[in-house]
Amino acid sequence: MSVLNPCMSCGACCAYFRVSFYWAEGDDAGGLVPAALTEPLTPFLRCMSGTNQKVSRCVALSGTPGISVSCSIYENRPSPCRDFAMSGENGIANDACNRARGHHGLPPLELPSPLLRSA
Ligand code: SF4
């Protein structure tokens, strides 16, 4: 049986946190992340455009958080996005995930539940 991954209808983390990472992850420095979608932050850090502002929303996020979303650069997304775990993944809660969800009016992902796992 296939269970939809909650992230596919969430996207809260992509519209809440500042997504910053080492500048050389950009494709203008040998990395994968499209540099055109980033902004300089410090001499060593850059961030996804749209995430360094009071009302944060990554420029690469498509769709509506809480309804249906996707990352337009999924294969080339930066390390913080790759490392960020959905709360409940591998049975481990992630308060940051649930904080972002709460900001968008979404309920926390509870533990433990097989529904929290993608199939
Ligand atoms: S790059 Fe993709 S996964 Fe990362 S914050 Fe932006 S939309 Fe979300």
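No experiment lies behind these values; they were computed from the predicted model shown. In each ligand, atom 1 is the first atom listed, and ligand 1 is the first ligand listed.
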Query raised in the report: Would you say the side chain of T38 lies within less than 4.5 Å of the side chain of M48, judging by non-hydrogen atoms?
Result: yes

Query raised in the report: Numbering the atoms of ligand 1 from 1, which are under 4.0 Å from a heavy atom of C81?
Result: 1 (S), 3 (S), 4 (Fe), 5 (S)

Query raised in the report: Does the side chain of P6 reach to within under 4.5 Å of the side chain of M86, using non-hydrogen atoms?
Result: yes

Query raised in the report: Of C13, P78, C71, G63, which has the heavy atom at the shortest distance from atom 2 (Fe) of ligand 1?
Result: C71

Query raised in the report: Looking at atom 8 (Fe) of ligand 1, what's its closest protein heavy atom, distance included?
Result: C14 SG, 2.4 Å

Query - Per-atom contacts, ligand 1 versus L61 - under 4.0 Å to a heavy atom - result: 7 (S)

Report task. With the side chain counted from C-beta on, respond yes when D95 and S87 share a heavy-atom pair under 4.5 Å apart, and no when they do not. Result -> no

Query raised in the report: Any sub-3.5 Å donor-acceptor pair from R82's side-chain atoms to S79's backbone N or O?
Result: no

Report task. Report the nearest protein non-hydrogen atom to atom 6 (Fe) of ligand 1: residue, atom name, distance rounded to 0.1 Å. Result -> C58 SG, 2.4 Å

Query raised in the report: If we only count heavy atoms from C-beta on, is the R99 to Y16 side-chain gap below 4.5 Å?
Result: yes

